[in-house]
Amino acid sequence: YEEMLHSGRSVYLEADELTDIAEYYMMKGETEKATACIEYAMRLHPGSVDPLIFQARQHMFADDMEGAKAICNQITDQTDREVIFFNVEMYLHENDLEGAQQYIESVIENIDDDPEQFAYDIAYVFLDYNYFQIAEEWCEKALSIHPENDKNLKLKAEILLGRNEPEKAIQTLNQALDINPYNIFAWHAMTEAYIQLNDYSKAIETVDFALAINEKDAHAMQLKANCFFYLNNFKEAHRYYTAYLKEFPTDEVGLFYDGLCLSNLQRYLCFYK
């Protein structure tokens, strides 16, 4: 996509691919690039679900619920799975848990989706809004269908972490990693569990497995930086925060903690390029 922008040569990309790119820009804090990308997606794929849901979600995050609903209502197929997930999210954004559950009950029989995948995805929606008990109920539905799925087990561990049960999360993550030792997200969660236990040395040991899978993994670098920070090893923490901030230069939390590292190192003037 960026080669297309630089060369001026048109490249065909699917609507979901362009939406993923726009979400990547949003994660990096590059709002203008995200907006330009999603507008290109709309021109290339008018009426496509993914770009419209992206736009609706941006309105929702800005607390423009009327605008969000208006965009969502433009989608012809209101039974599309992305529309359903977004409608649930809108209820939760407005703190209407009962409305979210009633909506799911009203549409679930007509959903043409893999039951395990639906349970997995809807569990994450509730998890994102800290409804841990309901997220766990949906996660257990996914596990009942496929108990040996490392993704389902990793989801269960995330719920346990949200409920401040790191020891149980570690047990569950060990099961997931026995099934798939290359699940980098499970290694992230394992590191977060040891951080919750204030065992930063063990957390570094586990995050190194994530970095062995992908040495450029930004989240792993951030987690390792956090570990060094809490061990008062500000030199190493700064090194990993610097690597992380190259990927996410506008991340306020990363900038704040790196600033604390530099202050402790008495490096009061430091410029990022």
Side-chain angles (χ1 to χ4, degrees), residues 20 23-24 27 85 92 113-233 236-237 239-241 243-244 247-248 251 253-254 257:
D20 287 343
E23 289 174 351
Y24 171 75
M27 285 175 57
F85 292 136
L92 298 181
D113 200 359
D114 175 71
E116 179 189 358
Q117 189 63 49
F118 180 81
Y120 175 89
D121 289 337
I122 208 71
Y124 259 115
V125 176
F126 284 106
L127 177 59
D128 285 343
Y129 284 84
N130 297 329
Y131 289 105
F132 301 119
Q133 181 177 343
I134 299 168
E136 185 177 31
E137 291 170 5
W138 283 101
C139 178
E140 290 299 332
K141 290 179 182 179
L143 281 166
S144 69
I145 298 168
H146 195 167
E148 297 299 316
N149 185 314
D150 60 297
K151 287 174 57 180
N152 293 341
L153 288 165
K154 185 260 182 183
L155 168 58
K156 181 177 179 178
E158 280 196 75
I159 295 166
L160 290 166
L161 286 174
R163 295 168 64 169
N164 198 28
E165 299 182 62
E167 295 92 345
K168 291 182 180 179
I170 289 168
Q171 293 176 2
T172 303
L173 288 165
N174 278 323
Q175 295 176 46
L177 290 165
D178 284 342
I179 296 166
N180 179 13
Y182 294 98
N183 186 331
I184 196 168
F185 305 108
W187 287 114
H188 291 165
M190 183 77 84
T191 302
E192 290 164 0
Y194 281 113
I195 288 174
Q196 275 195 15
L197 292 168
N198 298 320
D199 189 346
Y200 301 112
S201 296
K202 189 67 175 178
I204 290 172
E205 181 182 321
T206 56
V207 80
D208 279 340
F209 283 100
L211 289 168
I213 296 169
N214 179 6
E215 63 181 8
K216 295 182 179 180
D217 182 64
H219 187 44
M221 287 187 284
Q222 181 190 34
L223 288 169
K224 192 165 185 177
N226 292 345
C227 293
F228 280 124
F229 179 87
Y230 287 112
L231 288 170
N232 294 325
N233 187 339
E236 283 299 295
R239 182 162 77 91
Y240 281 96
Y241 281 129
Y244 168 73
E247 187 68 21
F248 296 99
D251 181 67
V253 175
Y257 277 98

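Of all the heavy atoms in Asn152 and Glu116, the pair that sits closest is ND2-OE2, 2.9 Å. In terms of heavy atoms, Asn149 sits closest to Ile179 at N-CD1, 4.5 Å. In this structure, Cys139 and Ala123 approach most closely via the heavy-atom pair N-CB, 3.9 Å. Contact detail for Pro166 and Leu197: the closest heavy-atom pair is CG-CD2, 3.6 Å. Minimum heavy-atom separation, Ala193 to Ile170: CB-CG1, 3.6 Å. Contact between Ile184 and Ala210 at its shortest, heavy atoms only, is CD1-O, 3.5 Å.
Between Ile134 and Leu127, every side-chain heavy-atom pair lies at or beyond the 4.5 Å cut-off. You'll find the side chain of Leu153 stays beyond 4.5 Å of the side chain of Leu173, heavy atoms only.
Going from atom CG of Asn164 over to atom CD of Gln196 covers 5.0 Å, rounded to the nearest 0.5 Å. Rounded to the nearest 0.5 Å, atoms CG (Leu211) and CH2 (Trp187) are 12.0 Å apart. Taken to the nearest 0.5 Å, the CD1 atom of Ile145 stands 7.0 Å off from the CG atom of Asp114. Between atom CZ of residue Arg239 and atom CG of residue Asn233 there is a gap of 9.5 Å, rounded to the nearest 0.5 Å. Here the straight-line distance linking atom NZ of Lys156 with atom CG of Leu143 works out to 6.5 Å at 0.5 Å rounding. In this structure, OG1 on Thr172 lies 9.5 Å from CE on Met190, to the nearest 0.5 angstrom.
Inspection of the Glu205 and Tyr194 side chains reveals no N or O donor paired with an N or O acceptor under 3.5 Å. If you check the side chains of Tyr240 and Lys224, you find a donor sitting under 3.5 Å from an acceptor.
Contact check on Glu247 versus Lys216 returns no salt bridge, with no Lys/Arg side-chain nitrogen under 4.0 Å from an Asp/Glu carboxylate oxygen. Glu137 and Lys141 are not joined by a salt bridge, as no carboxylate oxygen comes within less than 4.0 angstrom of a charged side-chain nitrogen.
Judged as a side-chain hydrogen bond (donor to acceptor under 3.5 Å, both in side chains), and not counting sequence neighbours, the contacts of Tyr230 are Tyr257. In this view, Gln222 and His219, Asn226, Tyr244, Asp251 satisfy the side-chain contact (heavy atoms from CB on, under 4.5 Å) rule, not counting sequence neighbours. Legend: residues meeting side-chain contact (heavy atoms from CB on, under 4.5 Å) with Asp20, ordered by chain and number and at least two apart, are Glu23.
Heavy atoms of other residues, nucleotides or ligands lying less than 6.0 angstrom from CZ of Phe85 number more than 12. When the shell of 6.0 Å around OH of Tyr124 is examined, it contains more than 12 heavy atoms from other residues, nucleotides or ligands.
A donor-acceptor distance shorter than 3.5 angstrom exists from the side chain of Thr191 to the backbone of Val207, with no hydrogens or angles considered.
Remark: aromatic rings of Phe118 and Trp138 are close, center separation under 6.0 Å.
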Under the side chain to side chain contact (heavy atoms under 4.5 Å, CB included) criterion, do Tyr200 and Phe229 qualify, and how do the steps go? CA-CA 9 Å; Tyr200 301 112; Phe229 179 87; over 6 Å; no

